[in-house]
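Everything below concerns the one structure shown next.
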Number of protein chains: 2
Amino acid sequence: MIGKKIGILGGGQLGRMMLEASMPLNLDISVLDAAYDYPSAPICSKFILGDFTNYEDVIKFGSELDVISIEIESVNVEALEVLEAKGKTIYPQPSVLKIINDKGLQKQFYLDNNIPTAPVRFYNDKSEILSEIENGTLNYPFVNKLRKGGYDGRGVSIVKSKDDLNLLFNAPTIIEERIKIDKEIAVMVARTREGKMVTYPIVEMEFHPTANLVEFLFAPSDLSKQIENQATALALKIAEKLDIVGILAIEMFIDISGNVIVNEMAPRAHNSMHFTIEGCRTSQFMQLLRILLGLELGNTKLLQPSVMINLLGEEGYSGLAKYEGIQSALETDGVHIHLYGKPITKPKRKMGHITIVNQDLEKAKDMAKELKEIIKVKA
Amino acid sequence: MIGKKIGILGGGQLGRMMLEASMPLNLDISVLDAAYDYPSAPICSKFILGDFTNYEDVIKFGSELDVISIEIESVNVEALEVLEAKGKTIYPQPSVLKIINDKGLQKQFYLDNNIPTAPVRFYNDKSEILSEIENGTLNYPFVNKLRKGGYDGRGVSIVKSKDDLNLLFNAPTIIEERIKIDKEIAVMVARTREGKMVTYPIVEMEFHPTANLVEFLFAPSDLSKQIENQATALALKIAEKLDIVGILAIEMFIDISGNVIVNEMAPRAHNSMHFTIEGCRTSQFMQLLRILLGLELGNTKLLQPSVMINLLGEEGYSGLAKYEGIQSALETDGVHIHLYGKPITKPKRKMGHITIVNQDLEKAKDMAKELKEIIKVKA
């Protein structure tokens, strides 16, 4: 089984960290993506230059492989369906990607399965939104989301007033009712081809007190046991109803009344779960590899309280990346720095992340805040 | 500092595991060795085909680099001396390699510094040994060791009777007095350019009850606190007297009277210390990287009791390696399998290793014994 040829669509940092996890097992992992300077390229078994959204490229890539997975969901699903029909093992399955890649279908899935989620309206184009505004059935502010093609903040418009109407997408979109959010969390489920499931410790986001930005993520969460159980049960239900084989990250809100509400999900390794590399016995990346190899699920127990911060490209700097403050951070016990090897930095680009493990979670949080001041990615 | 160009002489499994440790930091690490199918080749930044025992090859390789280290000590030391004189950072230093690469000089170093070691005799050639046998001052059995060029069991002859005299080396050699060994242990010291030092938990070898073979290695050891302290103090003394910058593995015997006696040392990552990857916060590989980068030493505390077994090529099989029993081993919690990616197996070739971590050391030992029966490397 260890001899299977594995392929990953996408060669960014998530693919790279999966390759890193695979190193001790010397697995044969090929990667398809668009440029030789992407993070996965230098360390995969075989890097294939191509476009994972292109039908022909994905067919050609997949034909050489036994098992195919993804590090990004916006891949050519039609090609994966053809490959699946030809007998290739594809996790997550194309059927799952079809639902998740369309925010409308994803919402419908929640509604059909009684999964609590923000009330939603569906639109075929911009004119339908404008007429609702005109007749007073839709009020500012609202968030307009493209059903397809959005990723990492793209495809989402915040419309606060008439002045923002130029931001509306003229394509199938959704608008969700606003939730009064108390907390944001993420839950990960791993599920095998036999339907066995396991969840990871819930991670909670801490926001900056004034700026509306995630400051860091931490586990274990501050949630009550009851809400934790509710969120975990919900995640297991979603994974089962989706019938996903692979790993599934689910972002949830806790509203100000204490209700658990599903925001959205990703059928792959997820930024919020990077703490699992050092914080858990089996990382999210190793877990996906285990599932691809047909092994039993690995232990997801939290070994040590963990805090994760993203290393984003500093505002005002574009060009060859330079890292400030890395050295002193590296010298602090329990601080694990991950640099993704992207040669070029841009404002807010994910250039790396840092996980701080410490028996004392509050101490780890304080260290995270300090490190955020010290480490800067400039050009 | 993170931008330094690092080079490693040797592309075997020790180099590979150093590269694996470096992955999250995306370091620029080049490797020099003789074939493209060596373990380090597919994952290093730049693989240079060449012979690390060849003066020209080492000079050419080193000229492009800022910092040079090794994964094997039998490299061309003259070339490293020239590179050092040109201002390259070379750890361990050529002066240390000179002493360690010559078993005669190594022994003399122990004697000069009052380090307990087996009494030794020095010979320039075979005839000097034969005349001692003739005049009755040397008795069978004895072990004849080449001063230079021995590695991993090569360069060592066990002479039990007259019939084995053909095994004597006709070159500078040593013969050590036999020690009545109770236990074999290894200690690792890491030392920075500023002379700061730290030691790793002592690892103890467990021998098969009937066959004279190491069955597994384990940490923490079963030694008394007093002997542990003695061994650790000895290791620190050796590292300081050698003035080594880097990591130093020292193999020691505990004789049947409880004396700690130094056997030999290696100025690099060492097989006996592989448990540090999962067993300690900072692995031996990451520790060497920290030293090369000029960082403070990492925490060497044992996180969990650990047992390590080598995966050796099964007797009677040569050819394309096939791994038996890997799958079930991978499914056992706490079992970490490392395959070095050598395409060809030979009897006793080091093809990988397994570390078992468990809060209960005895349980980990039992698991190691079971795994030895299950996992086989055949062809």
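Every heavy atom of this structure was used, including side-chain atoms; hydrogens, water molecules and symmetry mates were not. Within every chain, numbering begins at 1; the chains are lettered A, B, ... in the order of the sequence lines, protein sequences first and strands thereafter. Just so it is clear, the model here is predicted, and its values are computed rather than measured.
In this structure, B/M23 and A/L19 have side chains that are not in contact, with every pair of non-hydrogen atoms separated by 4.5 Å or more.
For A/K322, the NZ atom is loosely surrounded, since the number of other residues' heavy atoms within 6.0 Å does not exceed 12. Residue-environment remark: NZ (A/K346) stays at or below the threshold of 12 foreign heavy atoms within 6.0 Å. Heavy-atom neighbours of A/K46 NZ from other residues, nucleotides or ligands within 6.0 Å: at or below the threshold of 12. Other residues, nucleotides and ligands place more than 12 heavy atoms under 6.0 Å from the CZ atom of A/F47. Taking a 6.0 Å sphere around NZ of A/K5, one finds it holds 12 or fewer heavy atoms contributed by other residues, nucleotides or ligands. Residue A/K365 places its NZ atom among more than 12 non-hydrogen atoms of other residues, nucleotides or ligands, all under 6.0 Å distant.
Taking OG from B/S45 and CD1 from A/I43, the interatomic distance works out to 10.5 Å, rounded to the nearest 0.5 Å. The CG atom of A/L330 sits 6.0 Å away from the CE atom of B/M286 when rounded to the nearest 0.5 Å. Note that CZ of A/R281 is 10.0 Å distant from CD of B/E278, once rounded to the nearest 0.5 Å. Between atom CG of residue B/L27 and atom CG of residue A/L339 there is a gap of 8.5 Å, rounded to the nearest 0.5 Å. The distance from atom CD1 of A/I326 to atom CG of B/L25, rounded to the nearest 0.5 Å, is 8.0 Å. Separating the OG1 atom in B/T332 from the CG atom in A/L295 is a distance of 10.5 Å, to the nearest 0.5 Å.
Proximity to chain A is limited to the side chain of B/E20, based on heavy atoms less than 4.5 angstrom apart. Heavy-atom distances place the side chain of B/Q304, and not its backbone, under 4.5 Å from chain A.
Ranked by heavy-atom pairs shorter than 4.5 Å toward chain A, the options B/G341, B/G352, B/G298 are led by B/G341. Highest contact tally toward chain A, considering only B/P42, B/G334, B/S328, is held by B/G334 [criterion: heavy-atom pairs under 4.5 Å].
Not a single donor-acceptor pair under 3.5 Å links the side chain of A/E296 to the backbone N or O of B/E331.
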